[in-house]
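Below is one structure, written out as structure tokens, with a few remarks after it.
Computed from heavy atoms alone, side chains included, the values below leave out hydrogens, waters and symmetry copies.
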Amino acid sequence: MSAARIDAKKGGSWLGAYVLVYLVFLYLPVSLIPLFSFNASIQAAFPLQGFTFEWYATLFGNSALSGALANSLVIGAIAATGATLCGITVSYMDLYGRSPLALTISAIARLPILIPGVIVGISLLILVNLIGFGPSRIAIVLGHILVALPTTVVIMKSRFAAIPNTIREAALDLGASDWTTFRRVMLPLSLPAIVSAFMLAFLTSFDEFIVAFFLAGTEPTLPLYIWSQLRFPKSLPTVMALGTAILAVSFVIAAIAEILRHRGLAAAQRPVPADLSKPEETERGELQWHST
């Protein structure tokens, strides 16, 4: 075995060890939350005192928790819808607008991911006070759209870029307008990515704390409710049970979003069947595909 292969093997071993240590450091504390959520003691410590579902039962019938959950769901759905629509527009214009304004807007849309959350929260608080909204549910929605926008822009830009440009050019050459091409060709081909972007934007809004901390009024979101309960030691097991439920739902949503995104990318890379003829334009300027 040559020296280069020996060095490569050692480097691979060190890299594998580093990845293992990193995963343990990152996910071991998270895995302790579900473990202690079934512990019969109110203290998160070893040894465990027994197995119980008592803390999960306390989640039901809690009016404050139900109100915070409802606020997070409504805010998350509205913010995810707004961020997805903005992400579709910004990413499409960035790729096909070919103007300095479109490139500038796309760059600005990705900036919030680089700015500290505290700065974003304070800036938005000043802005909503100047506008007249003040800390409220509307203010949180606007803030969460800003926070989730970079995620939707990145996902949609990669999806639009994966679609062969010849498809769009063929539609334009056949007389379809830019709007018809976007609505009838690009959007249907990007549907899995749109759903994925919406799901990830919803998760971003649902789990966001810093911006909501500055912009929340009298209707707190679920992360704010959890933070308020951490001041009471007796509420810690209930918080861990709630955190376990949130982890499970977030994992399922993130997994579905990733599966949809990969399926969309795989579909874009498939060759076009040879028995498909060119698209024909209807009297309304819409494209229809006919097989031979």
Please report the C-alpha distance between Thr152 and Ile88 in whole Å, then the side-chain angles of each, then the deciding distance to 0.1 Å, and finally whether the side-chain contact (heavy atoms from CB on, under 4.5 Å) criterion is met. CA-CA 7 Å; Thr152 59; Ile88 292 172; over 6 Å; no
If you apply the rule side-chain contact (heavy atoms from CB on, under 4.5 Å), what do you find for Ile256 with Val195, and how did you get there? CA-CA 9 Å; Ile256 294 175; Val195 177; over 6 Å; no
Quick one: do Phe198 and Ile194 satisfy side-chain contact (heavy atoms from CB on, under 4.5 Å)? Show the steps, please. CA-CA 6 Å; Phe198 176 86; Ile194 294 174; 5.6 Å; no
Assess whether side-chain contact (heavy atoms from CB on, under 4.5 Å) is satisfied between Leu73 and Phe202, documenting all intermediate values. CA-CA 9 Å; Leu73 292 176; Phe202 177 83; 3.8 Å; yes
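Using modelled atom types, no side-chain atom of Thr204 and backbone atom of Ala148 make a donor-acceptor pair closer than 3.5 Å. For the pair Ser190 (side chain) and Ala193 (backbone), a donor-acceptor distance under 3.5 Å is absent. Counting only distance, with no hydrogens or angles, the side chain of Ser37 and the backbone of Pro34 share a donor-acceptor pair below 3.5 Å. Using modelled atom types, one side-chain atom of Trp55 and one backbone atom of Asn39 make a donor-acceptor pair closer than 3.5 Å. Between the Ser72 side chain and the Leu69 main chain, no donor and acceptor come within less than 3.5 Å of each other. Of the possible donor and acceptor atoms, none in the side chain of Arg168 sits under 3.5 Å from a partner among the backbone N and O of Asn165. Side-chain N or O atoms of Asp94 include none that pairs as donor or acceptor with a backbone N or O of Val90 at under 3.5 Å. Under a 3.5 Å cut-off, the side chain of Glu208 and the backbone N or O of Ala212 do form a donor-acceptor pair. Between the Ser123 side chain and the Ile119 main chain, a donor and an acceptor come within less than 3.5 Å of each other.
Between the CG atom in Leu23 and the CG atom in Leu28 there is a gap of 11.5 Å [rounded to 0.5 Å]. Taken to the nearest 0.5 Å, the CE atom of Met199 stands 15.0 Å off from the OG1 atom of Thr151. With values rounded to the nearest 0.5 angstrom, Leu124 atom CG is found 12.0 Å from Ile210 atom CD1. Rounded to the nearest 0.5 Å, atoms CD1 (Ile140) and CZ (Arg137) are 8.5 Å apart.
You'll find the side chain of Thr238 reaches within 4.5 Å of the side chain of Leu59, heavy atoms only. Taking 4.5 Å as the limit, some side-chain heavy atom of Leu242 sits within range of a side-chain heavy atom of Leu222. Considering only heavy atoms from C-beta on, Phe209 comes within 4.5 Å of Leu224 through its side chain. Residues Asn62 and Thr58 fail the side-chain proximity criterion, which asks for heavy atoms closer than 4.5 Å. With a 4.5 Å cut-off on side-chain heavy atoms, Leu149 and Pro112 do not count as touching. A 4.5 Å side-chain heavy-atom check between Asn129 and Pro135 finds at least one atom pair inside the cut-off.
In the hydrophobic clustering of ILVMFWY residues, with side-chain heavy atoms under 4.5 Å counting as a link, Ile122 and Ile131 come out together. The cluster map of Ile, Leu, Val, Met, Phe, Trp and Tyr, joined by side-chain heavy atoms under 4.5 Å apart, puts Val118 and Ile115 in the same cluster. Note on Phe60: it does not cluster hydrophobically with Val239, by side-chain heavy-atom contacts below 4.5 Å among ILVMFWY residues. Under the 4.5 Å side-chain contact rule for hydrophobic residues, Ile126 and Val211 share a cluster.
Under the side chain to side chain donor-acceptor pair (under 3.5 Å) criterion, Ser205 pairs with His144, sequence neighbours left out.
Around OH of Tyr18, the count of heavy atoms belonging to other residues, nucleotides or ligands within 6.0 Å does not exceed 12.
Sorted by first and then second residue, the ring-ring contact (aromatic ring centres under 6.0 Å, His included) pairs involving residues 75-102 (not counting sequence neighbours) are Tyr92-Tyr96, Tyr92-Phe160, Tyr92-Phe182.
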